[in-house]
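Down below is the structure, laid out as structure tokens.
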Amino acid sequence: MLPVERLQPCWCVGAGCIVHIAVLLPRRYDRDTILSFTPPGIFAAIPTKMTETLSEQEIHRRDSLQKIRAMGIEPFPAAEFPITATSKSIAASFKDDAPQQDVSLAGRVMSIRIMGKAAFAVLRDGEGDQQIYISRDDIAPGEDKAMYNDFFKKLLDLGDFIGVKGFVFRTRTGEITVHVKELTLLAKSLRPLPTPKTDEEGNVFDAFSDPELRYRMRYVDLVVNPDVKETFLKRARIFDAMRKSFQDAGYIEVDTPVLQVIPGGAAARPFETHHNALDMQFYLRIANELYLKRLIVGGFDGVFEFSRNFRNEGMDRTHNPEFTVMELYVAYKDYLWMMDYIEGVFTAVATAANGTPTATFQGKEIHFKAPFKRITMCGSIQEKTGQNVLDMDERALGELCKKHGIEVTAAMGKGKLIDELFSELVQPELIQPTFVMDFPVEMSPLCKKHREDDRLTERFELFVGGFEVANAYSELNDPIDQRERFEAQLKLMERGDDEAMFIDRDFLRALEYGMPPTSGIGIGMDRLVMLLTDNPAIQEVLLFPQMRPEKFD
RNA sequence: GAUCCUGUAGCUCAGCUGGUAGAGCAAUACACUUUUAAUGUAUGGGCCCUGGGUUCGAAUCCCAGCGGGAUCACCA
């Protein structure tokens, strides 16, 4: 940036609007030169007054852009660039004793090392990096050496997209390299990329590491940090593997409403929105459970949905306002069947992500190989406290909580108190995949009562790495029982629990038509991706995590 | 919502008890036809987050605000 005294206002008329551009000008550029860098069409799309300050490097790149045009080279050509090879395919197919292999590939220039009349550069394509070798007399074969001396050496910048044609060889230092015979500019980059470097020992220098900048400008993060790209490739593989498991089992993928009149299926605070034509309030879904069960009523035997859910709650490294849960419902099954089934799915998904069912998370090895350990909720608390919480009343439970340093409020019912004990005493130790079974009835209003003890429900949660990854039920299909459970939730709401569930009358009506016994499960996909990619923050596994709006003033 | 930490060049960071800015990489110029954190020489680049205060003097100390990070609470 340049000192304020050199700030010069310029006016530029775009299509139907006037735009004020304040450009920081170094002395060697006059006003007309600056305007020549910035085609009016760019600003025509911007309806309001804006102020733009350009750094020295950005001004230089705009200058280079003009010079490239002056040479008769189009910096943003329209034509397809035919590609016959990628960084990956070249590495896989190169043989030292084979004849020269002609290739055509394209990518972004990540580094350039010029040594007089020859140069090396690194091209980054969708699959990785490829070193290329450029010699003056190859790309500028005649008398006119401008293509090398001016275009390549001076006007090409790090970050530009180019396409090259040439042949593959191995350099003296042993690196497989493309000897370039023809070089085409495919797109100019007007901003300098961060330039992290890695030495021989793998130490990274000048890493682009500020989380705020990385999340806000994920496009830059993905370009310069290959690990980040790998995380999202794994995320895609995880989703693909899970979807394939369900498809192979014959289950049907469905879409259900995001805009709901009654936000049901979970205990959470919803986002509110407004429908203008109907002039009424809608909520963004907090879960899709009640809709998928309606589909089981309707005769599907197995349905699933990767559901983007929205919850108007805190944001931190394990919570984003929108997140993805996969929910699966299968008719004629129970939660015991679901445990057997889903642990196999987890093994397959973990293997698809990492090539092995063992993942490393924050220094701990986690084994996703089925079968997983199974414990009961009350049994695990009894192991820690010596007390059977099931036989205790609310008052005694409150005392037990206080004894273990848990704050107790009037809004907490029996189920909540037991949940607090579990979260505090047992959950942190559940590193290896563990099914926790048989939750108290008070905390599971959509779940069938246990076949042997009606104080419990047929519910399990899967814990991995110390946090909950999945939650499953033998689904409650008795409409009378369901109505009573909803009414109990209403009482909790009156006590001040602002996350208690609303009564969904249409859902009750659906159950009254009859729902077969069904087992359902919800899997927190973002958390699963965190575990399988060794990322401790949800922001690292969401391409565009929610952030406060950026100020461009 | 509470507490602590933090904001300096395109990137990563120094900058001491106050004396108006430094390094490496990136950029610019020159040299160099198999380098790889290429190398050598030279050069340019800073509203030190914003606003107020203390002071002869503030990147530095104080207050407020705005970003950001971590921990906690709620939650998945």
Side-chain angles (χ1 to χ4, degrees), chain A residues 1-5 7 24 26-28 53-61 63-64 110-122 129 131-138 148 153-154 157-159 169-175 177 179 191-216 220 224 266-269 286-287 309 311-325 407 409 411 419 423 461 467-471 497-499 522-528 530 536-539 547-551 553:
Chain A
M1 295 293 176
L2 294 140
V4 170
E5 305 84 71
L7 188 79
L24 287 169
R27 291 198 178 89
R28 63 201 160 100
T53 53
L54 296 177
S55 70
E56 182 194 40
Q57 291 190 41
E58 288 172 291
I59 290 168
H60 180 259
R61 281 171 183 240
D63 190 21
S64 295
M110 298 305 291
S111 73
I112 302 177
R113 300 179 289 280
I114 293 173
M115 285 147 296
K117 299 180 186 65
F120 287 91
V122 172
D129 289 353
Q131 175 165 276
I132 59 175
Y133 171 80
I134 295 111
S135 74
R136 186 190 67 181
D137 297 334
D138 280 315
Y148 184 82
K153 283 175 74 174
K154 293 182 180 164
D157 291 306
L158 297 187
F169 75 110
R170 192 185 285 278
T171 64
R172 281 210 291 257
T173 49
E175 180 148 345
T177 301
H179 186 126
R191 287 174 183 263
L193 285 169
T195 51
K197 300 230 170 173
T198 309
D199 71 7
E200 286 164 2
E201 283 109 51
N203 301 312
V204 179
F205 298 81
D206 303 327
F208 180 59
S209 56
D210 182 332
E212 186 198 356
L213 291 175
R214 287 182 46 235
Y215 302 153
R216 284 197 196 283
V220 174
V224 304
R269 288 203 298 269
I286 54 173
N309 294 348
R311 296 190 185 175
N312 204 343
E313 289 161 352
M315 289 165 63
D316 58 37
R317 38 204 280 287
T318 55
H319 297 88
N320 194 64
E322 50 185 296
F323 60 104
T324 303
V325 173
E407 208 176 309
T409 69
D419 188 36
S423 302
E461 289 191 346
F467 50 73
E468 182 194 341
V469 172
N471 181 19
D497 184 346
D498 56 2
E499 288 165 359
I523 298 174
M525 295 304 293
D526 306 307
R527 289 188 168 180
L528 178 60
M530 287 163 64
I538 195 171
Q539 286 77 16
M547 304 187 71
R548 284 193 173 80
E550 188 174 1
K551 289 199 175 81
D553 299 339

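Protein chains get the first letters and strands the later ones, always in sequence-line order, with residue 1 at the start of each. Computed from heavy atoms alone, side chains included, the values below leave out hydrogens, waters and symmetry copies. The model shown is predicted, which means the values in this text are computed figures rather than measured ones.
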Short side-chain N/O contact to [N] OP1/OP2 from [X], under 4.0 Å:
X: R216(A); N: G68(B); value: yes
X: H60(A); N: A27(B); value: no
X: R61(A); N: A27(B); value: no

Let me know the distance between [atom1] of [X] and [atom2] of [N], rounded to the nearest Å.
X: Q57(A); N: U43(B); atom1: CD; atom2: P; value: 18 Å
X: M110(A); N: U35(B); atom1: CE; atom2: P; value: 22 Å
X: I59(A); N: G44(B); atom1: CD1; atom2: P; value: 17 Å
X: D210(A); N: A9(B); atom1: CG; atom2: P; value: 12 Å
X: D206(A); N: A27(B); atom1: CG; atom2: C1'; value: 14 Å
X: E58(A); N: G45(B); atom1: CD; atom2: C1'; value: 13 Å
X: R317(A); N: C74(B); atom1: CZ; atom2: P; value: 17 Å
X: F208(A); N: C13(B); atom1: CZ; atom2: C1'; value: 16 Å

With a 4.0 Å cut-off on heavy atoms, is [X] in touch with a base, just the backbone sugar-phosphate, or nothing at all?
X: S111(A); result: nothing
X: F169(A); result: base
X: R136(A); result: nothing
X: D137(A); result: base
X: N320(A); result: base

When you get a sec, tell me which of [options] is the closest nucleotide to the side chain of [X]?
X: P194(A); options: C11(B), U33(B), G68(B); value: C11(B)
X: E313(A); options: C74(B), G67(B), U35(B); value: C74(B)
X: F120(A); options: G24(B), U33(B), U34(B); value: U34(B)
X: E175(A); options: G68(B), C11(B), U35(B); value: U35(B)
X: K154(A); options: U35(B), C30(B), A76(B); value: C30(B)
X: R527(A); options: A76(B), G68(B), U35(B); value: A76(B)
X: Q131(A); options: U34(B), A76(B), U35(B); value: U35(B)

For [N], give the paired nucleotide (Watson-Crick: N1-N3 plus N6-O4 or O6-N4; G-U: N1-O2 and O6-N3; both under 3.5 Å), or none.
N: G57(B); value: none
N: A64(B); value: U50(B)
N: A70(B); value: U3(B)
N: U43(B); value: A27(B)
N: A9(B); value: none

query = Does V220(A) reach the side chain of R191(A), with side-chain heavy atoms less than 4.5 Å apart?
reply = no
- Does any non-hydrogen side-chain atom of I134(A) lie less than 4.5 Å from one of Y148(A)? yes
Nearest heavy-atom contact between I286(A) and A268(A) is CD1-O, 3.9 Å
Closest heavy-atom pair, P192(A) versus Q57(A), reported as atoms and distance to 0.1 Å, is CB-OE1, 3.4 Å
Side chain [X], main chain [Y], donor-acceptor under 3.5 Å:
X: T173(A); Y: T171(A); value: no
X: Q539(A); Y: T318(A); value: no
X: D526(A); Y: T324(A); value: yes
X: Y215(A); Y: D210(A); value: no

Assert: residue with more 5' nearest nucleotide on RNA chain B, out of K197(A) and L158(A), is L158(A)
By nearest-nucleotide position on RNA chain B, the 5'-leaning member of K153(A) and D157(A) is D157(A)
In whole Å, what separates the [atom1] atom of [N] from that of [M]?
N: A38(B); M: U43(B); atom1: P; result: 23 Å
N: U8(B); M: U60(B); atom1: P; result: 13 Å
N: G1(B); M: A23(B); atom1: C1'; result: 42 Å
N: U20(B); M: C48(B); atom1: C1'; result: 10 Å

Taken in chain and number order and not counting sequence neighbours, the residues that satisfy side-chain hydrogen bond (donor to acceptor under 3.5 Å, both in side chains) with D137(A) are K145(A)
For D129(A), the side-chain hydrogen bond (donor to acceptor under 3.5 Å, both in side chains) test, sequence neighbours excluded, returns R124(A)
Taking atom [atom1] of [X] and atom [atom2] of [Y], what is their separation to the nearest 0.5 Å?
X: I538(A); Y: R317(A); atom1: CD1; atom2: CZ; answer: 11.5 Å
X: S111(A); Y: F120(A); atom1: OG; atom2: CZ; answer: 11.0 Å
X: N312(A); Y: R269(A); atom1: CG; atom2: CZ; answer: 7.0 Å
X: K153(A); Y: I114(A); atom1: NZ; atom2: CD1; answer: 6.0 Å

Report, one pair per line, the protein and nucleotides 39-42 of chain B atoms (nitrogen or oxygen only) whose separation is under 3.5 Å.
none

Is a donor-acceptor contact shorter than 3.5 angstrom present between the side chain of [X] and the base of [N]?
X: D316(A); N: C74(B); result: yes
X: E56(A); N: A9(B); result: no
X: T173(A); N: U34(B); result: no
X: R113(A); N: U35(B); result: yes
X: Y133(A); N: U35(B); result: no

Give me, pair by pair, the N or O atoms of the protein and of nucleotides 48-50 of chain B that are less than 3.5 Å apart, along with how far apart they are.
none

Residues at least two apart in sequence or cross-chain that pass side chain to side chain contact (heavy atoms under 4.5 Å, CB included) with P321(A), listed by chain then number, are F271(A), M315(A), Q546(A)
Scan nucleotides 1-6 of chain B against the protein and return all N/O pairs shorter than 3.5 Å with their distances rounded to 0.1 Å.
none

Quiz item: Stacking between F323(A) and the base of A76(B) (centre distance under 5.5 Å, interplanar angle under 30°)?
Solution: yes
Given the options L193(A), V224(A), T195(A), F208(A) meets side-chain contact (heavy atoms from CB on, under 4.5 Å) only with V224(A)
